Amino acid sequence: MLAPPSPVTVEIIVNGTPRRACVEPRTTLVDFLREHLGLTGTHIGCEHGICGACSVLLEGEPVRACCLFALQVEGLSVTTVEGLAPARGELSRLQNAFCEAHALQCGYCTPGMLIACHDLLARNPRPSEEEIREAIGGNLCRCTGYQQIVDAVKLASGQEAAHG
Amino acid sequence: MYDFAYHKPGSVADAVKLLTADPEARPISGGQTLLPALKHRLNRPTALVDLSGIAELKGIRKEGDTLTIGALARHVDVAESAEVTSAIPALARMAANIGDIQVRNRGTIGGSVANNDPAADYPAAVLGLGATIVTDRRRIAADDFFQGMFTTALEPGELLVAIEFPIPEKAGYAKMRNPASRYVMTGAFVARLRSGEVRVAINGAGPCVFRQAEMEKALSANWSPEAVANIRQSPEGLNSDIHGSAEYRAHLVTVMAKRAVAEAG
């Protein structure tokens, strides 16, 4: 029996602040965020790279936090759903649009959807319906609220929702 | 997931040393296949050797008639590279349509090619263009590299360093992807090289990417979608699962080849 590998210290910049914790090598980024930092906004769904609920921005790009080890992210910058709002107690334009367009029912997929849509709007401020559907292709919604999610992104980008 | 030791070497030589010293150690680049495999306990390495800090594995460059892509190039890097887009636009488009954006931001060309998943995209481009796999110790022709489902010519501890693609006269790729998983059900990569050689590689349909000799012959004589329209792929030995029968995949081979030639122009 091999001795278990000893925990290692990892430092990751989370929502602009350097955060440090002692983790096992097998600790995923999503467990680091939720268990070590208490940032439970990022959800764990399928845990094997399908549902996208755990999506966060890594150096500004959406990735699945369940398919990354915290150690792989050492020294890099991560933005979680908690970091999308401009200030405490406020919501981003996209988050407000999600509320307005009823883009969530159970809310489980919402953090991942917000990350994917936030990234889309950063790259493409006026996406078409097809582009929105492609951008959320890596995120599953089990309430099948895709229509309202598409509407919310349209609304946030200043376009009339097709199905409002 | 079982625990493991974690190493992050700074050079190919150090990575190979770690992998050779411990036969149960595994390299990790993007981890988009490896992490789910570890979680399902399909793989139980004693150590992971993180390749992300190795500069020799990075970069995309065009030299003469060759486009060289470092193993660590992510799908998004290949999709957005000006060199790839100008030299082999079909390869850039392929990269832009792999999986979803979360996968494209992490997954690497080296990882995908070394893994040789039957439903992966890149093996079709590597075989279809007759690329050369450069490892830490030798050069392997694409025709000798892909050996079977999840099996390649790589030896234990051998590291894929880069892939050298000949810049073709024209190339095209078309695939039918599973709408839920986005894995390739059947794809076809067609290329006419500057040497005049015509190659057709089929992915997704069988247990391993393969060349379609009859289509290559037909396209050599007449480069047009019509030339392959009546060529039927035998379903024998093709994959059959809940997503599609072998007969359906065989049918898709012709449809995708036609579309790929049309895309290549």
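All chains are named by letter (A, B, ...) in the order of the sequence lines, taking the proteins before the strands, and each is independently numbered beginning at 1. Not measured: the values here are computed from a predicted model.
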Please evaluate residues L58(A) and R106(B) with respect to the criterion side chain to side chain contact (heavy atoms under 4.5 Å, CB included), reporting the C-alpha separation (whole Å), side-chain torsions for both, the decisive distance (0.1 Å), and the verdict.
CA-CA 10 Å; L58(A) 173 61; R106(B) 287 298 300 168; 3.8 Å; yes
List the steps and the verdict of side chain to side chain contact (heavy atoms under 4.5 Å, CB included) for D50(B) and F69(A).
CA-CA 10 Å; D50(B) 184 347; F69(A) 294 114; over 6 Å; no
Applying side chain to side chain contact (heavy atoms under 4.5 Å, CB included) to L38(B) and R26(A), what does each step give before you reach the verdict?
CA-CA 9 Å; L38(B) 295 177; R26(A) 64 178 162 178; over 6 Å; no
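Contact annotation for L68(A): both backbone and side-chain heavy atoms come within less than 4.5 Å of a heavy atom of chain B. With a 4.5 Å cut-off on non-hydrogen atoms, C46(A) does not touch chain B at all. Looking at E47(A), both its backbone and its side chain come within 4.5 Å of chain B, counting heavy atoms on both sides. Proximity to chain A is limited to the side chain of I28(B), based on heavy atoms less than 4.5 angstrom apart. The contact between E134(A) and chain B is made by backbone and side chain atoms together, counting heavy-atom distances below 4.5 Å. Using a 4.5 Å cut-off between heavy atoms, T28(A) touches chain B through its side chain atoms alone.
Across every non-hydrogen atom of P25(A) and D3(B), the tightest pair is CD-OD1, 3.8 Å. Closest of all the heavy-atom pairs between D100(B) and G138(A) is OD2-CA, 3.3 Å.
Salt-bridge check for R74(B) with E59(A): failed, with every basic side-chain N at 4.0 Å or more from each acidic carboxylate O. Electrostatic pairing of E61(A) and R104(B) does not count as a salt bridge here, judged by no charged N lying under 4.0 Å from a carboxylate O.
Across V76(B), L34(B), L35(B), the residue that shares the most heavy-atom pairs under 4.5 angstrom with chain A is L35(B).
Atom OH of Y183(B) sits in a sparse spot, with 12 or fewer heavy atoms from other residues, nucleotides or ligands closer than 6.0 Å. Counting heavy-atom neighbours within 6.0 Å of E155(B) CD, excluding the residue itself, gives a total above 12. Applying the 6.0 Å contact sphere to CZ of R259(B) captures no more than 12 heavy atoms from other residues, nucleotides or ligands. Annotation for R142(A): atom CZ does not count as buried by contact number, only 12 or fewer foreign heavy atoms lying within 6.0 Å. At most 12 non-hydrogen atoms from other residues, nucleotides or ligands lie less than 6.0 angstrom from CD of E100(A). For CD of Q105(A), the number of neighbouring non-hydrogen atoms (other residues, nucleotides, ligands) closer than 6.0 Å is 12 at most. By the 6.0 Å contact criterion, NE2 on H251(B) is open, its count of non-hydrogen atoms from other residues, nucleotides or ligands being 12 or less.
In this structure, CG in N105(B) is found 9.5 Å from CG in L57(A), a value given to the nearest 0.5 Å. Atoms OH and CD, on Y6(B) and E24(A) in that order, are 15.0 Å from each other to the nearest 0.5 Å. Taking CZ of R64(A) as the start and CD of Q32(B) as the end, the distance is 7.0 Å to the nearest 0.5 Å. Note that CD of Q102(B) and CG of D119(A) are 8.5 Å apart. Values are rounded to the nearest 0.5 Å. Taken to the nearest 0.5 Å, the CZ atom of R182(B) stands 12.0 Å off from the CD1 atom of I50(A).
The backbone N or O of C67(A) lies less than 3.5 Å from no partner atom in the side chain of K39(B), so there is not a single donor-acceptor pair.
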